[in-house]
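A, B, ... follow the sequence lines: proteins, then strands. Residue 1 opens every chain.
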Amino acid sequence: MNLFRGEILDKSLHFYFLAPIRREVLMVGKFLAGLLATCVIFVTSEVLQIIVFTGQFTPNVRDLYLYQNHGLTQAAAYLGVTALACLGYGAFFLAAGMLFRNPILPAAAILVWEGINPFLPALLKKFSVIYYLKSLCPVDIPSPPGTPPLLSLLVSNPDPISAPVAIMGLLFVSLLVLYVSSFQVRRMEINYTTE
Amino acid sequence: MTKLWWAQVKAVIRLEMKKTFFARRGLWIYVLALLPLLLFTAHTVFTSRDREKSRQIARQSEKALTRQDLLAVKTGMTSEGVIALLGKPPVRFHWNERRAIRVTSAVTGTGGSGTPVNLASEYNLNGIYTDSTSFTSDGLDGAGYVYSSNLLTANRILNGIQFNLGPANQLDAVYGTGQLIKLPAGQFATLRVLAAAIYGPVLHQTITVTYTDSTTSTFTQSFSDWCGCVANPGEQPGESLAVMMPYRVSRNGTQDDQESYLYGYTFALNPAKTVQSVTLPDNRNVVLLAATLATQSQGTKAGPSGQVSFADVSHENYHYSDGNNDLYVDLADGKAYIFTTRTTCPKMPWFSPEYSSFSTYASRSSSAAWESS
């Protein structure tokens with residue numbers, strides 16, 4: 001969100017816009033920088049979570065899980081899901097930061113939409129990032145008997161799609177959002193006094 | 001051209017990286033990323049601490065226990081039986097449960113004084129059924145539970161006042177909808193009712209008695225819950241425990257093991273005026289079962305009053321562990337209850353088909369869940 005919005009608030013975006021560089025290229029560069037940074041932060045956090053979580057088990061149990069029960073594969077899958085989440089949400093937040101003067105409101109709307117996703121009808125569910133991310137999670141968390149149905153909906157994805165479709169879907173949607181954003185960045189005018 | 005663009009993209013990335021990582025506006029990203037890590041760390045710390053405690057208890061056991069040993073303990077066993085199976089408990093503690101042991105209820109039968117109010121035309125609820133009678137109505141509480149007519153019987157005398165209860169297995173109780181109930185004409189000192197609340201206590205309800213001269217007496221009364229599953233029955237001001245019953249009847253006719261209560265309430269009337277009607281609270285959770293009008297002289301004689309005596313029942317708890325699984329046994333009334341089980345070294349749900357829950361089962365009925373885990 002702050003890739004462009006932050007520059008406007010800092011009154012420094014004109015330096016980029018005055019440079020001999022296409023605005024679409026600038027946008028892609030900024031987006032990739034943001035994506036790289038968020039991936040580093042969140043993937044590192046994810047790695048630490050996995051280390052801390054597996055750390056509570058005895059070495060025998062941990063080794064058994066990691067090396068003989070697909071533990072490493074599952075950990076890698078979670079890291080991939082985290083990176084894809086950075087990509088998907090990053091694209092939407094970039095668009096929000098360029099389309100709206102106050103991007104907090106659309107960002108909050110996106111988060112609310114993602115939050116209520118488990119309770120939406122099957123068709124509407126597909127218009128979200130979280131639906132595809134949950135489809136990619138390698139472990140289906142079981143709901144113990146007696147779990148309230150609403151809570152079960154939150155933890156499980158009753159209608160997942162295949163991993164290739166989920167990945168391609170996320171990439172396609174992210175590229176589409178970036179493509180739309182590129183039109184916006186081309187038309188963008190700076191007037192710091194109105195900010 | 002593409003090469004130039006790519007070079008420009010790389011240049012922008014280089015310029016942006018420092019700003020992105022160290023921007024003050026981006027601090028919330030770090031917080032967002034660290035929150036789950038904090039949760040996992042806290043979980044790991046607590047689990048490790050619990051497991052260490054379990055291992056300590058396992059080490060203190062008389063003999064080395066396995067999970068199968070712990071599973072062998074069943075609800076209903078005696079203290080000796082548990083000790084014979086698992087050895088002397090490494091951890092034992094006592095606690096006392098406050099339990100109602102003696103209740104002086106309103107006596108059954110007829111012969112009491114007062115003028116019972118005929119509620120037959122007002123019954124809108126099936127609140128009383130005979131034991132072993134299955135029914136399809138929603139019962140007294142809307143969830144299929146009712147008073148037992150075997151326990152409640154058709155007539156009760158409380159403090160010398162006669163109460164006539166409705167006929168079992170049909171509409172026999174009145175829930176409040178703000179309705180107006182006609183009263184037998186006459187001058188009375190008090191209106192006595194047998195009533196209760198459902199779904200917890202219902203506070204500050206208004207009951208209005210109207211006299212023939214159109215004046216009224218208004219009363220504010222709180223009602224305690226009818227079920228023993230709610231704490232502190234009969235604690236509302238102006239309320240007395242009229243009938244205490246050891247069980248309720250459920251929809252399939254079986255006896256539910258929850259105690260049930262019916263309470264008595266007294267509302268002082270203007271004895272110089274002639275009563276005409278009473279208006280009930282407009283509240284579905286207030287249920288009236290009987291009402292009687294009494295004169296000044298009635299209801300003053302010594303008689304059974306709704307009083308309940310409590311006593312402390314001693315519980316002894318044993319705590320066993322095999323190092324990974326904990327077993328808590330509660331011994332009371334000469335029987336053992338497995339009231340809590342816990343796996344301190346949870347198997348990861350995706351790790352083994354034999355899934356053990358992280359959760360603590362905290363009820364006596366959890367033994368089945370434990371046994372099936």
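Counting heavy-atom neighbours within 6.0 Å of B/Tyr30 OH, excluding the residue itself, gives a total above 12.
Put simply, of A/Gly29, A/Ser45, A/Ala19, A/Pro138, the one with the most heavy-atom pairs under 4.5 Å next to chain B is A/Gly29.
Closest of all the heavy-atom pairs between A/Phe42 and B/Ile29 is CE1-CG2, 3.7 Å. Nearest heavy atom pair, residue B/Gln8 against residue A/Arg22, reads OE1-N, 4.5 Å.
Atom CG of B/Leu15 sits about 10.0 Å away from atom CG of A/Leu26, to the nearest 0.5 Å. From A/Lys30, atom NZ reaches atom CD1 of B/Ile13 across 11.5 Å, with rounding to the nearest 0.5 Å. Atoms CZ and CD1, on B/Phe40 and A/Ile51 in that order, are 12.5 Å from each other to the nearest 0.5 Å.
Remark: B/Arg59 engages B/Glu52 in a side-chain hydrogen bond (donor to acceptor under 3.5 Å, both in side chains) (not counting sequence neighbours).
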Problem - Step-by-step side chain to side chain contact (heavy atoms under 4.5 Å, CB included) determination, A/Val25 to B/Val12 - result: CA-CA 9 Å; A/Val25 174; B/Val12 172; 5.7 Å; no
Side-chain donor-acceptor pairs under 3.5 Å in residues 31-38 of chain A, sequence neighbours left out?
residue: A/Thr38; atom: OG1; partner: A/Gly34; partner atom: O; Å: 2.9
residue: A/Thr38; atom: OG1; partner: A/Leu35; partner atom: O; Å: 3.0

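At least one donor-acceptor pair closer than 3.5 Å links the side chain of B/Arg51 to the backbone N or O of A/Gln56.
Note: A/Phe53 and B/His43 have parallel aromatic rings, judged against thresholds of 30 and 60 degrees for the angle between ring planes.
The parts of B/Leu32 that come within reach of chain A are both its backbone and its side chain, each placing non-hydrogen atoms under 4.5 angstrom from that chain.
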